[in-house]
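One structure is given here, and the rest of the page talks about it.
Proteins get letters first, then strands, A, B, ... in listed order; numbering begins at 1 in each.
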Amino acid sequence: MSLKIYNTLSREKELFTPLTPDHVGMYVCGPTVYSDVHLGNCRTFISFDIIYRYLVYLGYKVRYVRNITDAGHLEGDRDEGDDKFSKLARLQKVEPMEIVQKYTLGFRHVMQLLNNLPPSIEPTATGHIAEQIEIAKQILNNGYAYEVNGTIYFDVEKYNKEQSYGILTNRKMNDLLEGTRELGGQDEKRGRLDFALWIKAKPEHLMQWPSPWGMGFPGWHIECSAMSEKYLGKKFDIHGGGMDLAATHHTNEIAQSQACYHTSPANFWMHTNMLTVNGTRMSKSLGNGFLPEELFTGNHPLLDKAYAPMTVRFFMLQTHYRSTLDFSNEALQASEKGLKRLWDAYEVLKQLAVGSEQLAIDAELDAKVNKLVNEFDEFMNDDFNTAKVLGSMFELVPVINSIKDGLIKADAMSASTLALLQQKFKAYLEDIFGLQNSAANNDTLNGVMDLLIEIRKESKTKRDFATSDKIRNQLATIGINLKDEKGGEMSWGIN
RNA sequence: GGUCCUGUAGCCGAGUGGUUAGGCAAAGCUCUGCAAAAGCUUCUACACCGGUUCGAAUCCGGUCGGGACCUCCA
């Protein structure tokens, strides 16, 4: 039982061994809080939430750091001008920190709805200006950066003479140079690939800090180098983020760490794939993204209906994190039904008890259940293959339902097998996959439902089907499903 | 142009050189006052053309299509 993780650096699955036994340090690039997170952003954070939860399940003590970028992220593609926060703040006539506050709270709210656990530390760029200046200073001292007019640039070509700059995405320097478009307004830079560590601020700039090179603000890439080093050390286990960050942001992070500390920051680089809409990436700049709120309310022209946060989470679990996932109403609705089926079986499973005799154990069934259950860990250990785990879980659903309906005797399975099944379903559905029951847990509602069920049972006994159908149909119109179980019992659930 | 990923049944999607992934949809049957749910059964696919192999959707080469990154984006 050993965990294998696909490492972008080596482009293969590698055996995961933490630097410090039993401890894992993981850094994930968080959101830039100048606008609402869209569903594509959420995919990355859900993926890493599940990775985090699984590492904890394996018994590791995990320090999970996910930053909030609240400064230094430039608008456009030149290293001058406003950062995104200052620009928006000026447009809306508010403080940059009001922008930051608004979208940070929004982000956290969405994370909570999707049942993502909070990271161990959620540091902000503005809270680590001093650390970022220190790194820029050190890189300057080490000779891998130069100052022009109060702005500090990283000297990519010089760095590339000693280290391979494009190592993460397997790019050669010459290819990179050819592929880079000629941009205007870059007279200051020596090399086309050079990027800013620190940027000189114009006097009217709203967010600026004193530095040895005058008033300015940090470049985008340096914040992650500063915060990961501060909380996880110069070298840590896992660095993650969306695939779109690999070629630029993460490549520059590696260069910064090498130039500053002479080490690559992370052993494992993990990248989650994109969420697409009609085959094209969901992104802020394309404007084809769904906001989580639009999804949860169904208030969007492309949405047939509203989808619960757990449906969205489950939808994402059904594919591997390194595959693209295409959004569609059909796919979401399939997930909604699939999740319901799985969760209903889980509710049944929780109630199952072994027969006392234990005389009729069906060895074949017992072995099958054991095999399927043991596959959960096996599949997760193979680079977090949640899709395969769900496949095995669904294969167990008919077994669970058949026991409930008496088609399989409860004691056909050994007590230990049933206990294992119950324990693993709970661990996976709740602890690792982070799914929750969407039905309201409300004592008042439960009381009302108990009463309605009682009346319906009575009317059925009296063969007063008009009344019994009325109860069922009326409830259906408000989204509550009544099910007649075998033996006259009734259960209910909220759609 | 460069780097890389990808093309799987109506839809979404796993996947290993030889074994039905799974979900949704559809059809039939059982159960049921009816319905729903549930159970059983059916639908058996891997872009195209070559090659390697006893055997390839899975490996190799080519063709065509889709996408990502190389410029802000998870």
Side-chain angles (χ1 to χ4, degrees), chain A residues 8 11 28-32 34-35 37-48 73-78 84 166 169-172 174-181 183 193 220 240-249 251 271-276 279-286 289 314-315 318-320 322-342 344-345 348 375 379 382 385-395 397-402 404-408 460 463 465 468-469 472-473 476 481-486 491 493:
Chain A
T8 307
R11 284 169 289 282
V28 173
C29 292
T32 304
Y34 70 98
S35 66
V37 284
H38 64 245
L39 202 63
N41 300 307
C42 292
R43 183 182 182 197
T44 295
F45 302 127
I46 288 173
S47 295
F48 282 105
H73 209 149
L74 286 167
E75 189 73 51
D77 51 11
R78 39 171 76 180
K84 292 181 171 177
T169 48
N170 196 26
R171 275 166 236 232
K172 302 263 187 304
N174 285 343
D175 297 339
L176 283 165
L177 283 168
E178 282 170 23
T180 308
R181 273 189 273 147
L183 299 168
L193 293 170
W220 173 35
M243 259 179 197
D244 52 337
L245 299 182
T248 306
H249 183 54
T251 292
H271 292 99
T272 56
N273 217 136
M274 300 291 107
L275 183 71
T276 60
T280 305
R281 172 187 172 187
M282 190 180 279
S283 78
K284 284 179 188 175
S285 48
L286 288 175
F314 182 77
F315 169 62
Q318 281 183 297
T319 180
H320 189 90
R322 279 191 289 113
S323 301
T324 52
L325 174 61
D326 197 57
F327 176 93
S328 71
N329 280 286
E330 265 186 311
L332 256 291
Q333 279 160 32
S335 291
E336 188 174 59
K337 289 181 182 170
L339 173 59
K340 184 174 182 336
R341 177 171 154 83
L342 186 60
D344 284 350
V348 168
E375 279 171 351
F379 293 150
D382 184 17
N385 198 328
T386 54
K388 286 195 89 172
V389 174
L390 286 174
S392 294
M393 289 188 128
F394 273 109
E395 287 197 62
V397 167
V399 175
I400 294 166
N401 286 332
S402 292
K404 182 191 79 168
D405 291 345
L407 298 169
I408 296 177
K460 278 189 76 173
R463 301 190 67 79
F465 297 123
S468 67
D469 285 354
R472 186 180 63 200
N473 296 340
N481 271 341
L482 260 191
K483 283 193 282 185
D484 291 345
E485 305 288 350
K486 295 222 162 48
S491 63

How would you list, by chain and number, every residue that makes a side-chain hydrogen bond (donor to acceptor under 3.5 Å, both in side chains) with A:Ser323, sequence neighbours excluded?
none
If the condition is side chain to side chain contact (heavy atoms under 4.5 Å, CB included), which residues does A:Ser47 pass it with, not counting sequence neighbours?
A:Arg43, A:Thr272, A:Tyr321
Grab the N/O contacts between the protein and nucleotides 17-24 of chain B below 3.5 Å, and write none if there aren't any.
residue: B:A21; atom: O2'; partner: A:Glu395; partner atom: OE2; Å: 3.3

Under 4.0 Å protein heavy-atom contact, by nucleotide of nucleotides 4-9 of chain B - B base, S sugar-phosphate only:
S-----
A:Asn385: partners by side-chain hydrogen bond (donor to acceptor under 3.5 Å, both in side chains), with sequence neighbours left out:
none
Counterpart residues, ring-ring contact (aromatic ring centres under 6.0 Å, His included), relative to A:Phe394 (two or more places apart):
none
Output all residues satisfying ring-ring contact (aromatic ring centres under 6.0 Å, His included) with A:His249, sequence neighbours left out; order by chain, then residue number.
A:Trp220, A:His221
Taking atom types as they are modelled, would you say the side chain of A:Asp244 forms a donor-acceptor pair with the base of B:C70 within the 3.5 Å cutoff?
no
How is A:His249 classified with respect to the nucleic acid when contacts are heavy atoms under 4.0 Å: base, sugar-phosphate, or nothing?
nothing
Residues which pass side chain to side chain contact (heavy atoms under 4.5 Å, CB included) with A:Arg171, listed by chain and number, not counting sequence neighbours
A:Thr169, A:Leu176, A:Ala247
Got a sec, which residues hit ring-ring contact (aromatic ring centres under 6.0 Å, His included) with A:Phe315, two or more places apart in sequence or on another chain?
none
Let's test your reading of the pairing rules: Watson-Crick or G-U wobble, both distances under 3.5 Å, then write RNA chain B as a dot-bracket string with ( ), [ ], | and dots.
(((((((..(((.....[...))).(((((.......)))))....(((((..]....))))))))))))....
Among all residues two or more places apart in sequence or in another chain, which pass the side chain to side chain contact (heavy atoms under 4.5 Å, CB included) test with A:Lys483?
A:Asp344, A:Glu485, A:Ser491
Test ring-ring contact (aromatic ring centres under 6.0 Å, His included) applied to A:His38 - qualifying residues, sequence neighbours left out
none
